[in-house]
Number of protein chains: 2
Amino acid sequence: MATIRDVAKLADVSVSTVSLALSNPARVSSKTLEKIRQAIAAVGFVADPLAQSLARGRSRMIGFVVGNVGNPFFGDIRRELENYALDHEHFVVVTDSSGKTDRERAMVEHLIGLKTAGLALAPSGYDQGYIDFVASLNVPIVCFDQKVAGIERDFVGSDNYLAGAMLTEHLLQLGHRRIAFITGPSHMRTATERYRGFAETMANAGVEVNPNLVVDGQFTRTAGYEAAMRLLIQPERPTAILGANNTVALSALQAMQELGFRCPEDISLAMIDNVQWSSVITPRITMVVQDTLALGSIIARRLMHRITNPQGAVEPPQDFVLTPKFVPGNSCRRI
Amino acid sequence: MATIRDVAKLADVSVSTVSLALSNPARVSSKTLEKIRQAIAAVGFVADPLAQSLARGRSRMIGFVVGNVGNPFFGDIRRELENYALDHEHFVVVTDSSGKTDRERAMVEHLIGLKTAGLALAPSGYDQGYIDFVASLNVPIVCFDQKVAGIERDFVGSDNYLAGAMLTEHLLQLGHRRIAFITGPSHMRTATERYRGFAETMANAGVEVNPNLVVDGQFTRTAGYEAAMRLLIQPERPTAILGANNTVALSALQAMQELGFRCPEDISLAMIDNVQWSSVITPRITMVVQDTLALGSIIARRLMHRITNPQGAVEPPQDFVLTPKFVPGNSCRRI
DNA sequence: TGATTAAATCGAACCGGTTCGATAGAGCCC
DNA sequence: GGGCTCTATCGAACCGGTTCGATTTAATCA
């Protein structure tokens, strides 16, 4: 590999001039610039990113930290970020914490060690230690998906209250009253907001919520399945189930199918967030989806803005909340 | 941030001794070691991975390069690799080429620039330029999924011929004769092998393949959908469709559903490779799946072996081919 | 006890860039 | 022509580690 010193020698200038020519060509005379250009081409010089990062104290990498890269929600956002970053000569390092807070922390520390230029973080933690940790990081960070109280960073997400309310209202309009809700972890804002949207919409309609019909699905497959089973074996069975995310809703569908319930004939189902191949799932689930492309785009722009603008670091954090979209299916019937 | 010089000063030893103590404690006297240990704890020293990589010429990162990290097949492999790498103090950098060869190449070049210790690569290219490029990389590489002729590297994959043959035989045994096959790109070994398994099994059974029933789905959703549509509008419609991968098979299911065909009553369907949530897709698709966990485990071990063993680099490349597994569903009926 | 050898530690060079103060020369003004 | 400013270039220090030959110290043996 050719180094900058090889270039300098061949062009008969000093190393620092070559470096300057690369970072700020305007400050080098045109004939020197030309000599350097030719020398670079002749020896096939490419700057070593590691050496640059070490010297600069900043790399051209962006860390992307989520709980599950397989989730198409995160996948869409990742793609947007990658495209935008690549256009701005940055490289996205994708990491997956499997939803575990300690692992996420380890990954973030790794990324910080790599002197990443910035972080796009879907936080999984929520306690004070975690919040302090995120606050201590001296790097541009854009958080998304999960709004964590106490983290003073840019945030990009969707109106989860609205998402829960929309589907609840839909089910109410179809005549449902015994509506079950499968929740997520109580420490996740997305989960509590979606539930609040459900509960308040029910209350506004004057419908009382049977506490037995609110079960905890933890946003996971196993807990969601179990929660759904508990719903289905009740004598006062719900006429509709609202899953607070894609995983618990589809777990409920699986439980229904296994026990022999038909959807929507026996029980209606609605969910928040899409999954891959939802179009071939029978019935097509009625859902509210987030505008992942827009979210990804905002995250990317906001992050690059903070990275590239010198004064970007001191701008106060800002929240971007998008409106989710209703996607009708045929999993909810009128009763 | 504390540096190694801070530690050296506090422990009253030279920088090189601290470095030695860190990399090879046995060669440092126990009392010096203790002094250094205390000094490290006192100043909170953590070695800068960037500086280490620059000095060593090798980092502790492993590059993972696939066409679609959202695909659960790659997701499982990624998880295995990450776990194993983490246990061996390596960090996996995940990149997604979106299936584009030029982008994959850019990502690999980036990773090489990062002086990654090794690469787990699901190659998407096939021409001579690409092969030469991969050959030119002076880093341990384990290729997987796609076996590319000419690339002399470790390879880990499944017996794709068998996968195609198993499902074909199954359909034949159920009485099907007009079996359609949706292929993948002809430059992909997985695609051609799966097709060969289909074609030879048909030939062995003395059943002639109608060329109109072999259509190209490119392993993509749009092409698969289009190919399926062309199958469905034929007067001599197939009684069964075999999709060479999950994407084209599910695209076919979608096409069938949209046109009003029932599966399996009107047309049977079988596919190679699983998808997330296949258990809630109606009907449950009969499929042959790869042992992703075993594949991931082998990839991880083989790669770490080459990375950590000094003589690992010169070992001749080896192929690991696993047997895929038949998973019965109810998408194939006896006729 | 002095010579020999092994173990422990050190110093300096190096990895490949960036950065900034210093210096030399060119151009301008009075 | 002397003083001044600007521009182009350079040298040296630095980022934070690793590596290896050299040197000092301790242990072994005749």
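Naming: A, B, ... by sequence-line order, numbering from 1 per chain.
A/I4 has its CD1 atom 12 Å from the C1' atom of C/dT19, to the nearest Å. Rounded to an integer number of Å, the gap from CG of A/L54 to P of D/dG17 is 9 Å. The interatomic distance linking B/K31 (NZ) with D/dT25 (P) rounds to 12 Å, in whole Å. For A/D48 and C/dG16, the CG to C1' distance is 6 Å, given to the nearest whole Å. B/N24 has its CG atom 14 Å from the C1' atom of C/dT9, to the nearest Å. In this structure, CG of B/L22 is placed 14 Å from C1' of D/dT19, rounded to the nearest angstrom. In this entry the distance linking NZ of A/K115 with P of C/dG17 reads 17 Å, nearest Å.
The cationic group of A/R302 does not satisfy the cation-pi geometry with A/F320, failing either the under 6.0 Å distance to the six-membered ring centre or the 45° limit from the ring axis.
A/R301 and A/S297 share a donor-acceptor pair across their side chains, judged by distance under 3.5 Å alone. A/Q52 and A/D48 are not linked by any side-chain donor-acceptor pair at a separation below 3.5 angstrom, with hydrogens and angles left out of the test. For the residue pair A/S19 / A/S16, no side-chain donor-acceptor distance below 3.5 Å is found, with atom types taken as modelled.
Computed from C1' positions of five pairs at each end, the angle between the two local axes of the helix from C/dT1-D/dA30 to C/dC30-D/dG1 equals 50°, rounded to 10 degrees.
Put simply, B/R27 has no side-chain N or O that comes within less than 4.0 Å of OP1 or OP2 on C/dA8. Of the side-chain N and O atoms in A/Q52, one or more sit less than 4.0 angstrom from OP1 or OP2 of C/dT18.
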Can you check nucleotides 10-13 of chain D for protein contacts, nitrogen or oxygen pairs under 3.5 Å, and list what you find?
residue, atom, partner, partner atom, Å
D/dC10, OP2, A/S14, N, 2.7
D/dC10, OP2, A/S14, OG, 3.3
D/dC10, OP2, A/T17, OG1, 2.6
D/dG11, N7, A/S16, OG, 3.2
D/dG11, O6, A/S16, OG, 3.0

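Checked for salt-bridge contact, B/R79 and B/D76 meet the test: a charged N lies under 4.0 Å from a carboxylate O. Under a 4.0 Å N-O distance rule, the pair B/E82/B/R78 qualifies as a salt bridge.
Other residues, nucleotides and ligands place more than 12 heavy atoms under 6.0 Å from the CG atom of B/N24.
Checked options A/E104, A/Q146, A/R105, A/H187; the residue passing with A/S124 is A/E104 (criterion: side-chain hydrogen bond (donor to acceptor under 3.5 Å, both in side chains)).
In this structure, A/K35 and A/V13 have side chains that are in contact, with non-hydrogen atoms separated by less than 4.5 Å.
Between C/dT19, D/dT18, D/dC15, one nucleotide has an atom nearer to the side chain of A/S19 than all others, and that is C/dT19.
A residue-by-residue look at B/L33 and A/R56 shows that B/L33 has its nearest nucleotide of DNA chain C further toward the 5' end.
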